[in-house]
Amino acid sequence: MKTNLKKQKGFTTVDMTIAMLVIIIFVSIVASVSYSVYSTSTEATRTAAALNYAVDIFECIGALDFDNVTINRIQSRLPDLNMTIEANSNGVTKGKIKKGYDYTLTIEDPKGDGYVKLITLEIEYKVSAKNTQKMTLQRLKANA
C-alpha cells in the first residue's frame with residue numbers, strides 16, 4: 001500500500017494570480033461607479049442651485065410693477081441677492097452670482113407696443129473641470 005506523502009496544503013501561484021485579478025476588477029468597477037455617482041450628484045446640486053438663483057431673480061422681478069421692470073430697477077435689487085453687476089448696456093445686464101455662476105439678464109419688448117416685456121435670464125455654471133452648463137429661462141411681464 002502506497003501512502004501519498006504529497007499532501008501539501010496552501011495556495012499555488014495560479015490561485016493567487018486569479019484572486020488578485022478578481023480583486024483588481026472588483027475595485028475598479030466600484031471606483032468607477034462611485035465616481036459616476038459623485039459627478040452626477042455634483043451636477044444635480046449645481047443645477048438646483050442655479051435654478052434657485054433664477055427663482056430668486058424672477059421673484060424680485062415679479063414684485064415690481066410693469067413700468068418698474070427696467071434693468072436699473074432690477075439692478076438695485078440684485079445686491080440683496082449677493083449678485084454683482086459687471087456690464088450693463090441696452091437692456092442687457094451681465095454679472096456674477098456667488099460661487100461661480102455667471103448670469104445675463106435681458107429685458108425687451110418683443111412687439112414694440114409697450115404691453116409686454118420679455119425677460120430672459122441665462123445662467124452659466126461649471127459642473128466639473130471640463131463641463132459647463134447653461135440654463136436659459138424666460139418670463140413675460142404684461143401691462144395690466
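Quick note: residue numbers are just sequence positions, from 1.
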Student: Return yes when atom CZ of Phe66 has more than 12 non-hydrogen atoms of other residues, nucleotides or ligands closer than 6.0 Å, and no otherwise.
Tutor: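 It does: Phe66 CZ has more than 12 such atoms within range.
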
Student: Could you check whether any side-chain N or O of Asp65 sits under 3.5 Å from a backbone N or O of Asp67, counting only pairs where one atom can act as donor and the other as acceptor?
Tutor: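 Not at all, since once roles are kept as given, no pair shorter than 3.5 Å links the two residues.
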
Student: Given Phe58 and Ile119, is the side chain to side chain contact (heavy atoms under 4.5 Å, CB included) satisfied, shown in steps?
Tutor: CA-CA 9 Å; Phe58 282 135; Ile119 302 147; 3.9 Å; yes

Student: I need the Leu64 CG to Lys141 NZ distance, nearest 0.5 Å.
Tutor: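 Answer rounded to 0.5 Å: 6.5 Å.
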
Student: Quick one, Glu108 with Lys117, criterion salt bridge (Lys or Arg N to Asp or Glu O under 4.0 Å). Give me CA distance, side-chain angles, the key distance, then yes/no.
Tutor: CA-CA 6 Å; Glu108 58 187 337; Lys117 291 183 181 179; over 6 Å; no

Student: Could you state the interatomic distance from OG1 (Thr106) to NZ (Lys94), rounded to the nearest 0.5 Å?
Tutor: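 Here the rounded value is 8.5 Å.
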
Student: If I take atom CD1 from residue Ile123 and atom CG from residue Asp102, how far apart are they, to the nearest 0.5 angstrom?
Tutor: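 With rounding to 0.5 Å, CD1 (Ile123) is 10.0 Å from CG (Asp102).
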
Student: Enter the distance from Thr42:OG1 to Lys126:NZ here, rounded to the nearest 0.5 Å.
Tutor: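 Separation between the atoms: 14.5 Å.
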
Student: Please check this pair: side chain of Ser39 against backbone of Ser36, looking for a donor-acceptor N/O pair closer than 3.5 Å.
Tutor: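 Present.
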
Student: Could you check Thr104 against Val92 for side chain to side chain contact (heavy atoms under 4.5 Å, CB included), going step by step and ending with a plain yes or no?
Tutor: CA-CA 7 Å; Thr104 304; Val92 178; 3.8 Å; yes

Student: If every non-hydrogen atom of Met135 is compared with every non-hydrogen atom of Ala50, which pair is closest and at what distance?
Tutor: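 Shortest heavy-atom contact: CE-CB, 4.0 Å.
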
Student: Side chains of Thr132 and Glu124: closer than 4.5 Å at any heavy-atom pair?
Tutor: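 Yes, at least one pair of side-chain atoms sits under 4.5 Å.
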
Student: Quick check: do Leu140 and Gln138 have side-chain heavy atoms less than 4.5 Å from each other?
Tutor: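 In short, these two side chains do not touch, never coming nearer than 4.5 Å.
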
Student: Quick check: is Val116 connected to Leu137 through a chain of hydrophobic side chains (ILVMFWY, heavy atoms under 4.5 Å apart)?
Tutor: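 Result: no, two separate clusters.
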
Student: Is the backbone N or O of Glu43 less than 3.5 Å from a side-chain atom of Thr47, with the two atoms forming a donor-acceptor pair by type?
Tutor: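 Yes; at least one donor-acceptor contact below 3.5 Å.
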
Student: State the OG-CZ distance between Ser41 and Arg46, to the nearest 0.5 angstrom.
Tutor: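 Going from the OG atom of Ser41 to the CZ atom of Arg46 covers 12.5 Å.
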
Student: According to the interplanar angle, ranging from 0 to 90°, do the rings of Tyr125 and Tyr101 count as parallel (below 30°), tilted (30 to 60°) or perpendicular (above 60°)?
Tutor: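 Tyr125 vs Tyr101 ring planes: tilted.
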
Student: Would you say the side chain of Val69 lies within less than 4.5 Å of the side chain of Ile107, judging by non-hydrogen atoms?
Tutor: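 Counting from C-beta outward, Ile107 and Val69 do come under 4.5 Å.
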
Student: Determine whether Tyr103 and Leu51 fall in the same hydrophobic cluster, where Ile, Leu, Val, Met, Phe, Trp and Tyr are linked whenever their side-chain heavy atoms lie under 4.5 Å apart.
Tutor: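 Tyr103 clusters together with Leu51.
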
Student: With rounding to the nearest 0.5 angstrom, report the CD1 to CG distance, Ile61 to Leu121.
Tutor: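 Rounded to the nearest 0.5 Å, the CD1-CG separation comes to 7.0 Å.
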
